[in-house]
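Below: one structure, written as C-alpha cells.
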Amino acid sequence: MAETNAYRGPRPTLYETSRPGARCLRCPPASVEGIDAVELFGPYARTTPAALPEVSEIEIMRHYAHLAAMNFGVDTGSYPLGSCTMKYNPRINEWAARLSGFANIHPAQPDSTLQGALALIHELQKDLSEIAGLPGVSLQPAAGAHGEYTALMVFRAALKARGDARRKVIIPDTAHGTNPASVIMAGYEVVTIPSTTEGLVDLEALKEALDSDTAAFMLTNPNTVGIFDPQILEITAAVHEVGAFAYCDGANLNAILGITRPGDLGFDALHINLHKTFSSPHGGGGPGAGPLCVSAELAPYLPGPVVACDEEGVFHRVTPEKSIGRVRTYLGNFGVLVRAYAYIRSNGAEGLRAVAEQAVISANYLRVTLGEILPVAYDRHCMHEFVLSAARLKSEEGVTALDIAKRLLDYGFHPPTIYFPLIVAEALMIEPTETEPVAVLDALAEAFSNIVEEAKTDPDLLRQAPLSTPVRRLDEVSAARSPHLRVIQTFCS
Ligand SMILES: *Cc1c(COP(=O)(O)O)cnc(C)c1O
C-alpha cells in the first residue's frame, strides 16, 4: 500500500506555538523623511498590536510544509476525478506567470504601459477562438459556471434585440449541476430532457421540448458519461430551427482539443475551463478562468473589456458595442490566462491534438481494464472519461461507491467523482487524463481489484476507510451547511 503523505499526527496551530517577541525578520521603523508612518493615520491608527502569532521563520516554514504534506494534490498522486480534468500543471506555466512583467503590473495602469500583457490577452483570444471555431472571445468569466451564466445573459440580450423574449432553457439529464444553476441565476426556467439508454440526447424528446419559448439548449459534448454525441449536427440544427441558441458546456474540451471544434458542430457559444483543459492548477476553490467563445452574431454582446489591436499594432481595452456590461473586474484572472497561454504555446497545434488523443487512449485503456472489475455504464468506446457502477457490489456485499472511493485514498489515489452523473446508480466517474503514465493506470486498476476483493472478504474495512489519512470520514453535509469558522473568529477578536 502506498504511503500517501508524510503526516505524523496533529500539530499545534501557529497561535498555540506563538511566543512573545519571536520574529521572522525585524523591519526598520516605518518613516518617510522623519514623518512617523503611524502619525499619518492619525485617529485611525490602531492602539493595540494585532493579535497575530509571533513565531520564527523556521516555525512558519515547518507549519506550512506540514499542512501541504497533509493534503492530496496532483503533484502527490493520481487524481482521476471525472469531469474535472486534474492533469499535471507543467512548471513552465508557473515560470511564465511569475515573470515580473506579468506578476507585478497593476490592471489600472494605462494601456500604453501594459502592451505586453495586452498582447498576450489578444493572442490568447485568437488562439481560443481558433480552438473553439467561434470568432468572439471574452476572457472575463472566472470559472466554468460563470461562463455559462455570462453566455445566458448574452443570449438574453441578443434575443431582446430581436424583440423576442423567451423563458426556457433545455438541458439533458446528464448535465453538470452548474448548468441548471446558471439557468436559474440568469432568470430562465429549466426544462430537463431524459437521455437514451445509450446515454445520448433523446432527439425526439428534444424536438418535443423545443418551441418558440426556448432560449437555448445546453449540451456537454462529449457528455458526462464520456460519450461524444454523433447526432450533434442534427441537434444543433433542431435548436436553430426554433430560433434558439445552442450552448456547449466546454468543460470536456480535453477530449476533442485539436480534433474537432464546437463552432463547426453548430454551437453558438462555448465556455472553456482554462483550469481543466489548459492545465491551470485547480481544486480547493482557487482562481480559475472560464472564457466565453461566441458566434459573430453574439460577439457584440460580450462583456467588456476585450483586447483589440489597431492598425498601428497598439493594443487597447475596448468594450463591445452592445456589451451586457462587466461580469468581473479588469480582465479576469490574469495569472490563469498567462498559464493557459504558456500551455498552448509550449504544446503547439500538434501537441494540443496529441493531448486529446492521449487522454482518450488512456481513458479507454482504463475502461477496458477496470471493466473487468466493475461494470461500465454505457460500455462502448469512450472519450476522455467513463463511468463505472458499483450498484451490483452494493446489493451483493453492501459496499457503496462512497466506500470504494474512500478506500482508494489508502492506496494513494484521489477518489474519482462519485454519484454523478445522476442517471447511473452508484456511479464512479473516472478521468485519468493524458498526463498519467501507463504504470499508474495499471496501479489504479490493481487498487480497484484489491478493493473489490476486500469488499467480499472484509466489507467492514471498506466502510471504515480511509484508514491512513489525517482525517477519516468527514460529515460532508454538515461541513458544507454549518462550517465551524473558529479560526476566523480568532483573527477578528
Ligand atoms: C467543472 C465543470 C463545470 C463547471 O466549471 P467550474 O469552473 O467548476 O465552474 C461545468 N460543467 C462540467 C461538465 C464540468 O465538469
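One-based numbering, in listed order, for ligands and for the atoms of each.
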ask   = Among all protein non-hydrogen atoms, which one is nearest to atom 11 (N) of ligand 1, and what is the separation to 0.1 Å?
value = Asp249 OD2, 2.6 Å
Residue and atom name of the nearest protein heavy atom (relative to atom 6 (P) of ligand 1), distance in Å to one decimal = Gly144 N, 3.4 Å
task = Establish, from distance only, whether the side-chain atoms of His240 and Asp268 form a donor-acceptor pair under 3.5 Å.
result = yes
query = Ala145 to ligand 1: N or O pair under 3.5 Å?
reply = yes
ask   = Less than 3.5 Å between some nitrogen or oxygen of Ala143 and one of ligand 1, yes or no?
value = no
message = Regarding Asp403 and Lys406, does a basic nitrogen lie under 4.0 Å from an acidic carboxylate oxygen?
response = no
query = Checking Asn333 side chain against Val336 main chain: does a donor-acceptor pair fall under 3.5 Å?
reply = no
inquiry  = What verdict does the side-chain contact (heavy atoms from CB on, under 4.5 Å) test give for Glu431 and Thr85, after you've listed the backbone C-alpha separation in whole Å, the side-chain angles of each residue and the deciding distance to 0.1 Å?
reply    = CA-CA 7 Å; Glu431 179 182 12; Thr85 314; 2.8 Å; yes
ask   = For ligand 1, is there an N or O atom under 3.5 Å from any N or O atom of His271?
value = no
inquiry  = So, 4.0 Å and heavy atoms of His282: is ligand 1 close enough to count as a contact?
reply    = no
message = For the 3.5 Å polar cut-off, considering only N or O atoms, please tell me whether Thr220 and ligand 1 meet it.
response = no
note = Min over Met218, His176, His275 of heavy-atom distance to atom 7 (O) of ligand 1 lands on His275
query = Is Glu123 salt-bridged to Lys126, cutoff N-O under 4.0 Å?
reply = yes
request  = Starting from atom 15 (O) of ligand 1, locate the nearest protein heavy atom and write down its residue, its atom name and how far away it is, to 0.1 Å.
outcome  = Ser83 OG, 2.6 Å
request  = Please determine if Glu297 and Arg162 form a salt bridge, counting it only when a charged side-chain N lies under 4.0 Å from a carboxylate O.
outcome  = yes
note = protein heavy-atom neighbour closest to atom 5 (O) of ligand 1 works out as Asn273 ND2, 3.0 Å
Lys/Arg cation over aromatic Tyr188: Arg167, 6.0 Å, 45° cone = no
Flag, side chain of Asp173 to backbone of Leu422, donor-acceptor distance under 3.5 Å = no
query = Short N/O distance, under 3.5 Å, between Lys276 and ligand 1?
reply = yes
message = For the 3.5 Å polar cut-off, considering only N or O atoms, please tell me whether His146 and ligand 1 meet it.
response = no
